[in-house]
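For reference, the structure discussed in these notes is given below.
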Amino acid sequence: MKYNHAQVEKKWQDIWDEKQVFAAKQDYTLPKFYPLVEFPYPSGQGLHAGHPRPYTALDIVARKRRMQGYNVLYTMGWDAFGLPAENYAMQTGVHPKVVTEQNVKRFTEQIKSLGLSFDWNREINTTDPAYYKWTQWIFLRMFHKGLAYKAQAAVNWCTSCKVVLANEEVVGGTCERCHSEVVRKVKSQWMLAITKYAQRLIDDLDGVTYPERVVASQKHWIGRSEGALITFGTTQGDPLQVYTTRPDTLFGATYMVVSPEHPLVEKWAGVIQNMDEVRDYQTAAAKKSDFERTEVAKDKTGVQLLGVTGINPASGAEVPIFISDYVLVSYGTGAIMAVPGHDQRDWEFAKKFGLPIVEVVSGGNIEEAAHTDCDTGVMVNSGMLDGLSVEAAKQKITAFLQGKGVGEPKVNFKLRDWVFSRQRYWGEPIPIVICDSCGFVPLDEKDLPLTLPQVESYHPTDEGDSPLAGMDEWVNTTCPKCGQPAKRETDTMPQWAGSSWYFLRYADPHNTEQLASLEALKYWTPIDWYNGGMEHTTLHLLYSRFWHKFLFDIGVVPTSEPYSRRTSHGMILGEDGVKMSKSRGNVINPDEIVAESGADTLRLYEMFIGDFEKTAPWSTASVKGCKRFLDRVWALRELCTPGDAYTPALESSIHKAIKKVSEDIEVLKFNTAIATLMALLNEVTEKGGLNHAEYKTFLLLLNPFAPHLAEEIWEAMGFGGMVTDQSWPDFDPQKCVDDTIEVVVQILGKIKARVQMPAGASQEDMIAAAKESVQEQLAGKAIAKEIVVPGKLVNFVVR
RNA sequence: GCGGAUAUGGCGGAAUUGGCAGACGCGCUAGACUUAGGAUCUAGUGGGGUAACUCGUGGGGGUUCAAGUCCCUUUAUCCGCACCA
């Protein structure tokens with residue numbers, strides 16, 4: 001009888017669904033396991049071949065854990081706010097909600113067809129008012145704690161989307177989503193003070209298990225540096241503060257640079273002799289995005305402020321002040337002391353403008369280039385610092401400046417506060433009322449959710465305000481505080497908002513009183529294993545960790561970190577070896593594979609394709625091998641004989657396979673786990689068949705990978721019950737050891753022979769047997785050394 | 001430019017602490033079964049050589065009895081960040 005995958009897979013999916021076998025149990029006394037995959041944005045294109053990779057991987061782990069007796073919470077949901085639905089709405093007038101519902105329906109069908117063991121009772125959707133009520137609630141709590149504030153900010157403005165982008169969303173100087181040009185624009189924005197958590201976001205990385213590269217990217221993004229704030233004097237009497245990581249080089253500061261937007265430039269407008277030139281430069285700089293300003297920086301530009309000079313607080317020397325766009329107003333103090341002797345950018349700038357270059361740390365050749373790698377040098381030309389090491393000089397000069405009140409040690413972070421507003425329709429409304437007399441007034445929590453109104457147009461206003469700004473009856477309200485007429489905030493939240501806490505909702509998805517009960521969170525969190533793409537290892541991970549820490553601080557969640565372990569999967573590329581994209585026409589639709597070869601085959605192939613953490617090109621031809629394997633497992637029924645204990649012929653191989661598969665799953669080596677099962681099948685076939693006990697174990701090991709087939713065979717063989725309800729098999733370490741070993745015999749590291757020996761052979765026996773096997777080659781040669789690797793190898797070093 | 005990776009047969013990829021390179025799969029070759037095969041089964045399959053043997057993990061050097069694995073150097077590709085003071 002041929003295996004009808006379409007029929008069989010549907011059958012078991014219905015049975016699992018009907019019997020609710022994957023529903024998390026409401027029994028908090030059981031050992032728990034909470035695996036998490038990143039919930040998808042339900043795009044109009046539907047699922048592509050990349051989606052099932054992480055879903056299947058953690059499904060395998062989840063299924064194994066259930067068989068090991070754990071209460072497992074494995075769930076799916078929809079990160080459904082976002083631009084594509086809104087852009088579609090702008091084009092067609094169809095409400096984003098309608099489009100989103102269609103897409104979710106399609107995604108649900110596709111994902112269900114893969115036989116993933118999600119608990120669908122806990123499905124969530126960020127666009128559901130019952131969900132985003134709590135997203136708004138968290139925002140209000142942040143507002144009350146002063147972590148959400150409004151500020152005039154020079155922001156990235158996408159000329160096409162007409163939205164403000166967080167710095168983090170600007171990729172290569174263009175909009176992350178539409179790739180249009182991004183320019184700078186000053187706008188009043190809601191901000192979240194993530195920088196207040198910067199140090200904790202670094203420190204707490206010590207307590208979690210993340211891949212090294214992920215830890216590195218988090219730290220790099222936060223960008224902690226230790227240095228000093230130093231206040232220079234100016235001939236105008238105004239102090240000019242700079243931040244530097246190299247206070248030791250203060251005596252080498254031969255000029256200063258302030259950013260074109262620096263407020264002192266405006267203050268000095270009357271005394272700057274070349275103010276016209278300065279204004280032209282400011283205008284030009286304002287047109288550039290941060291990216292452009294930094295990109296064109298290979299050719300240094302700038303204008304000296306004629307009429308004002310800076311005064312070095314240590315030496316008293318007067319130094320010229322420039323404006324240049326390579327100094328950003330958003331980092332540090334927006335001003336630097338330039339040390340061309342020891343900073344390459346300053347060096348290039350100094351060369352171009354003919355400024356003096358002074359060596360203050362010995363050991364380099366400042367004629368050729370800046371001497372930047374100078375931590376081990378000795379201070380020179382530095383007055384009181386001469387002769388000191390760099391480290392000692394840092395201490396001394398900082399203390400000296402501090403004593404004079406013109407300097408202090410300072411820790412700085414590259415991380416900037418999170419620009420949280422979007423002038424968009426399809427996002428969570430920000431629950432704030434703007435009152436002429438009371439200012440920004442939060443809604444009462446009882447009045448949440450503040451739902452999205454119907455609008456006539458999904459386009460932002462020409463000024464770039466949200467489409468909500470056009471809804472007078474929605475915008476006009478009364479102040480919750482004083483009752484006078486007031487207006488609602490019309491900005492909405494970014495897509496990151498809903499995804500920053502969704503994993504908490506899974507623990508208690510239907511709670512109407514809290515985002516989740518503390519009891520449920522105490523049981524389920526932290527997440528035991530979170531897998532996601534490398535593209536989310538900075539932004540989403542950082543944002544959600546920040547929110548989690550905030551919620552921890554206000555007592556809503558029981559842990560300070562949300563995820564105990566994070567892993568990352570590699571992307572699946574198209575057959576041509578490049579990223580799948582609609583425009584390239586190399587997108588693989590999993591539906592076709594499911595229809596043609598079955599979900600089990602697709603699951604198996606995606607896990608067998610290669611190292612889980614690395615990118616891998618899709619190969620339709622290779623899918624066949626996995627299908628063939630499953631067909632052979634099915635055909636094994638015919639070769640199966642009664643028997644309730646492993647036979648000597650297979651016992652050792654079975655124990656070894658249990659060990660290998662069990663261990664490989666835990667360390668993401670699904671490809672070698674499958675290879676082990678394939679090899680075991682080959683051995684079984686070679687030996688002419690297997691008995692019931694052996695077949696059962698094989699099916700238990702196969703079940704996480706190909707659950708439909710495993711169930712079907714289990715039932716067809718009349719083994720009783722469902723595979724899903726069985727226990728994960730144990731192995732006996734004693735039985736994983738072979739009776740005989742093959743000892744490799746080498747002379748000078750080259751293999752000359754192989755000898756079969758009993759497993760427990762002593763080193764002496766190994767040497768004796770080895771010698772005998774290579775008698776001729778050893779004849780007449782003196783053995784200088786005998787190297788023995790027990791159970792493996794003997795190597796003779798001869799002269 | 002900085003940071004992080006990666007490089008193994010025709011292809012995807014295996015390979016505890018350095019210890020049999022190429023597991024497993026695709027493809028290919030031969031055979032079997034078939035009216036037929038883009039099905040299935042069996043055997044073989046890194047290169048060179050009749051063979052003994054020899055060469056082989058991007059290139060070059062080194063450490064070691066022994067290197068895909070460690071060190072130095074170099075090249076290529078990918079990813080991230082980008083004048084961060």
Side-chain angles (χ1 to χ4, degrees), chain A residues 2 171-173 211-214 216-217 219-221 223 225 227 242-246 249 253 256-257 290-291 293-298 300 324-328 330-339 342-346 348-349 412-416 534-535 537-538 570-571 573 577-579 604-605 608-611 613-626 628-629 631-632 635 663 669 671-682 685-686 742-751 753-754 783-798:
Chain A
K2 205 161 178 313
V171 173
E212 203 42 58
R213 56 184 173 155
V214 174
S217 79
K219 286 185 177 168
H220 188 246
W221 196 264
S225 67
V242 301
Y243 172 73
T244 178
T245 55
R246 295 298 306 275
T249 61
M256 304 181 77
V257 186
D290 277 7
F291 179 81
R293 286 172 55 160
T294 56
E295 176 70 4
V296 299
K298 273 148 197 154
K300 297 283 178 288
S324 176
D325 58 12
Y326 80 86
V327 173
L328 304 177
S330 50
Y331 183 76
T333 62
I336 64 163
M337 63 176 205
V339 185
H342 302 278
D343 182 292
Q344 191 57 30
R345 290 155 301 144
D346 296 346
E348 284 166 20
F349 191 93
N412 226 10
F413 297 97
K414 278 195 268 181
L415 183 69
R416 297 170 205 169
M534 276 306 282
E535 68 273 21
T537 52
T538 43
M571 206 186 309
L573 306 173
V578 290
K579 193 172 166 175
L604 202 71
Y605 174 65
F608 188 60
I609 193 167
D611 186 330
E613 298 187 273
K614 288 190 193 139
T615 57
W618 180 271
S619 164
T620 298
S622 296
V623 172
K624 193 187 288 183
C626 293
R628 209 175 272 166
F629 166 70
D631 284 342
R632 289 177 63 208
E663 290 171 355
K669 302 186 72 141
N671 51 341
T672 49
I674 292 166
T676 302
L677 292 174
M678 288 174 167
L680 181 58
L681 172 67
N682 290 345
T685 309
E686 212 171 284
E742 188 183 67
V743 176
V744 173
V745 183
Q746 296 180 333
I747 296 175
L748 285 172
K750 302 262 181 200
I751 297 155
R754 294 156 203 277
I783 297 172
K785 206 173 174 188
E786 292 160 342
I787 290 157
V788 181
V789 180
K792 272 187 184 164
L793 164 148
V794 177
N795 185 15
F796 296 111
V797 185
V798 297

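Here is how names work: the chains are called A, B, and so on, in the same order as the sequence lines, proteins then strands, and each is numbered from 1.
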Separation of atom NZ in K614(A) from atom P in rG12(B), rounded to whole Å: 12 Å

Residue mapping more 5' on RNA chain B - nearest nucleotide basis, G223(A) or D611(A): D611(A)

Donor-acceptor pair between S225(A) and Y243(A) side chains, under 3.5 angstrom: yes

Residues which pass ring pair (Phe, Tyr, Trp, His ring centres under 6.0 Å) with F629(A), listed by chain and number, not counting sequence neighbours: none

Whole-Å distance separating the CG atom of N412(A) from the C1' atom of rA85(B): 9 Å

Between rG60(B) and rA67(B) - C1' atom distance, rounded Å: 16 Å

Pairwise C1' distance, rG9(B) and rC55(B) [rounded to whole Å]: 14 Å

rG46(B): pairing nucleotide in any strand, Watson-Crick or G-U under 3.5 angstrom: rC55(B)

Spacing of the P atoms in rU35(B) and rA21(B) (rounded, Å): 47 Å

Length of the line joining Y243(A):OH and rA85(B):P, which is rounded to integer Å: 7 Å

Sugar-phosphate, base or nothing in reach of D631(A), heavy atoms under 4.0 Å: nothing

N/O donor-acceptor pair under 3.5 Å between Y605(A) side chain and T620(A) backbone: no

rU64(B): pairing nucleotide in any strand, Watson-Crick or G-U under 3.5 angstrom: none

Separation of the C1' atoms in rA15(B) and rG31(B), to the nearest angstrom: 33 Å

Where the chi angle of rG9(B) falls, syn if within 90° of 0 and anti if not: syn

Base paired to rC33(B) (Watson-Crick or G-U; both N/O distances under 3.5 angstrom): none

Pairing partner (Watson-Crick or G-U wobble, both distances under 3.5 angstrom) of rU17(B): none

Pairwise C1' distance for rC20(B) and rA39(B), with rounding to whole Å: 37 Å

Rounded P spacing from rU29(B) to rG47(B) in Å: 14 Å

d(CG, D343(A); P, rA85(B)) in whole Å: 9 Å

Residue whose nearest RNA chain B nucleotide is more 5′ - Y605(A) or G332(A): Y605(A)

Just the atom pairs and distances: protein N or O near nucleotides 16-27 of chain B's N or O, under 3.5 Å.
from	atom 1	to	atom 2	distance (Å)
rG19(B)	N2	Q746(A)	OE1	3.4
rG19(B)	N2	N795(A)	ND2	3.4
rC20(B)	O2	R754(A)	NH1	2.0
rC20(B)	N3	E742(A)	OE1	3.3
rG25(B)	OP1	N682(A)	ND2	3.2
rC26(B)	OP1	R628(A)	NH1	2.5
rG27(B)	OP1	K624(A)	NZ	3.2

F413(A) and W221(A): CA distance, side-chain angles, deciding distance, ring pair (Phe, Tyr, Trp, His ring centres under 6.0 Å) verdict: CA-CA 9 Å; F413(A) 297 97; W221(A) 196 264; over 10 Å; no

Sugar-phosphate only, base, or nothing, as touched by T620(A) at under 4.0 Å among non-hydrogen atoms: nothing

C1' atoms of rG49(B) and rC72(B), separation to the nearest Å: 36 Å

Separation of the P atoms in rU40(B) and rC26(B), to the nearest angstrom: 10 Å

Pair assignment for rG1(B), Watson-Crick or G-U wobble, requiring both distances under 3.5 Å: rC81(B)

Step-by-step side-chain contact (heavy atoms from CB on, under 4.5 Å) determination, N682(A) to R632(A): CA-CA 9 Å; N682(A) 290 345; R632(A) 289 177 63 208; 3.0 Å; yes

Opposite nucleotide pairing with rU6(B), Watson-Crick or G-U, both atom distances under 3.5 Å: rA76(B)

Distance in angstrom units between E613(A) CD and rG12(B) P, rounded: 19 Å

Watson-Crick/G-U partner (both atom distances under 3.5 Å) of rA39(B): none

Separation of rG3(B) P from K414(A) NZ (nearest whole Å): 12 Å

Base-pairing mate for rG25(B) - Watson-Crick or G-U, with both contacts under 3.5 Å: rC11(B)

Sugar-phosphate, base or nothing in reach of T245(A), heavy atoms under 4.0 Å: sugar-phosphate

